[in-house]
Amino acid sequence: MNRTLHVYKFGGASVKDAAALLNLHTLLQSRLQTNKLIVVSAMGKTTNALEAVLAKKLEQGDFSKEWKQIKDFHIGVCEELFPTAHPVIEKIEQLLDTAQPILDLPISKTNYDEVYDQLICYGELLSSLVVSEYLNFKGLSLAWQDARTVIHTDSDFRFAKIDWEKTRNACQNHWADLLEHQTILTQGFIGIDPLGRTTTLGREGSDFTAAILATSLDAESVTIWKDVPGVLNADPKLFPNTQKFEELRYREAAEMTYFGASVIHPKTIKPLANAGIPLFVKSFLDPEGAGTKIHEHAASHEVPTLVLKKSQVLVSFKVTDFTFIEEKHIHAIYEKLKELKLRANMLQLSAITVSLVVDTQLFKLEQLVESLKSSFEIRYNEDLELLTILKPKTAEIPALMEGYVVLLEQTTRTTYQAVRRKK
Ligand code: ASP
Ligand code: MG
């Protein structure tokens with residue numbers, strides 16, 4: 001049993017350039033006395049860049065420029081960090097060559113999700129290659145491992161679901177012993193389906209990978225290293241005067257992520273809570289700082305938490321046959337949402353209308369409208385934001401809404417939600 005195992009997850013910002021990797025080395029140097037399991041995501045904005053390649057490919061355009069930028073970026077970082085003779089650049093080139101058959105695949109709406117996963121995984125593959133080469137070059141001995149040897153999923157491309165039993169067995173069989181002797185470095189976000197095809201766990205899914213591995217290997221803790229001092233009560237890029245939580249309960253953290261707080265991936269909390277493994281969120285810029293500890297026994301607090309979700313669509317479904325909204329209408333809409341893997345971020349019912357707020361996703365809105373337009377009169381508004389306030393202080397709400405048009409609003413004792421657009 002690896003009861004002393006600690007899992008570290010480093011996101012894109014912590015490995016975004018040569019300076020970030022220097023910092024990462026310093027951070028790890030004093031922390032690898034005991035073996036760790038390190039999970040890295042793609043460097044900087046690489047996943048977005050790979051999505052741009054796919055977007056070009058989908059419109060039959062020439063994506064060679066976008067592809068070259070990804071290659072040049074990784075090589076550029078390495079040129080700053082390694083001596084000229086180091087084999088890392090050759091390894092990057094070899095790795096990228098293996099993507100050629102995927103780049104050559106025809107792509108359409110029907111196979112988009114599958115091709116997406118086969119290509120998008122290169123962000124994590126490149127990152128883990130560069131990071132492990134660099135840390136080993138600096139004298140930290142780490143074993144690079146392919147996450148696809150242990151993270152087993154179904155074939156639901158882009159949103160793959162974990163096969164927990166298979167994953168746990170694979171972790172125990174392939175990694176548990178290795179971790180007795182060495183630190184492992186692996187990729188977040190990616191897995192493998194029963195047919196051996198790469199899958200991904202949803203954008204920003206590397207946090208979830210860390211939680212999956214921690215529970216499957218009975219780890220002692222998980223630490224997510226970020227560019228913020230811990231979990232704040234709002235995104236400091238969007239709101240002034242944020243406050244850091246010293247500690248939070250699993251349930252509170254899960255709720256924040258449910259409403260769209262991007263500090264931790266929404267699926268991360270549940271497995272850790274079930275296993276009673278504490279989650280630390282710390283700053284890689286201030287590694288000695290206390291960060292935030294998420295666990296079962298955190299003290300309660302009354303600090304309002306603000307979560308803003310952008311790129312939202314408000315869709316309203318109106319019955320057209322002079323009936324009222326009934327269970328069967330809601331059922332039909334929810335069935336379709338499920339099929340499209342969309343979630344209602346907010347829901348409101350009136351006598352003749354169901355209104356709901358969903359994320360903007362390629363092709364999804366048109367499919368939703370198309371399949372339900374025979375039963376409802378459907379209208380939608382795009383480019384909206386959804387503001388959720390947990391433990392709201394009612395008196396503070398009007399000031400937050402200044403300069404916005406509110407399209408839909410809901411208040412309960414513990415939660416305030418508004419869909420809004422800038423005036
Ligand atoms: N690189 C992936 C993404 O950007 C996964 C992650 O960062 O956690 O979505
Ligand atoms: Mg990321």
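All values below come from the heavy atoms of this structure, side chains included, with hydrogens, waters and symmetry mates left out. Remember, it's 1-based here, ligands and their atoms both numbered in the order they're listed.
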| remark: Here the atoms of ligand 1 under 4.0 Å from any heavy atom belonging to Phe189 are 2 (C), 5 (C)
| Check: Phe10 ring centroid to Phe284 ring centroid under 6.0 Å | no
| request: Show which atoms of ligand 1 fall inside a sub-4.0 Å distance from at least one heavy-atom site of Glu124. | output: 1 (N), 2 (C), 5 (C)
| Tyr258 six-ring face occupied by Arg343 cation (under 6.0 Å, within 45°) | yes
| For ligand 1, is Gly205 a contact, meaning one of its heavy atoms is under 4.0 Å away? | yes
| query | Near Thr47, which atoms of ligand 1 are under 4.0 Å from a heavy atom of that residue? | reply | 1 (N), 2 (C), 3 (C), 4 (O)
| request: With heavy atoms only and a cut-off of under 4.0 Å, state how His265 meets ligand 1: side chain, backbone, both or neither. | output: neither
| message | Between Glu66 and Lys57, is the salt bridge (Lys or Arg N to Asp or Glu O under 4.0 Å) condition met? List the steps. | response | CA-CA 10 Å; Glu66 285 78 5; Lys57 196 169 152 48; over 6 Å; no
| Under 4.0 Å from any heavy atom of Arg203, which atoms of ligand 1 are there? | 3 (C), 4 (O), 9 (O)
| message | Using 30° and 60° as the class boundaries, would you call the ring planes of His297 and His295 parallel, tilted or perpendicular? | response | perpendicular
| message | Between ligand 1 and Lys9, is the shortest N or O to N or O distance under 3.5 Å? | response | no
| task | Assign the ring pair Trp164 / Phe208 to parallel, tilted or perpendicular, where the plane angle (0 to 90°) is split at 30° and 60°. | result | perpendicular
| field | Contact partition for Ala42 relative to ligand 1, non-hydrogen atoms under 4.0 Å | value | both
| said: Glu204 versus ligand 1: do any nitrogen or oxygen atoms come within less than 3.5 Å of each other? | reply: yes
| said: I want to check something: taking the side chain as every heavy atom from C-beta on, are Arg168 and Asp218 in contact at a cut-off of under 4.5 Å? | reply: yes
| message | Can a side-chain donor-acceptor contact be found between Gln410 and Gln348 if the only test is distance below 3.5 angstrom? | response | yes
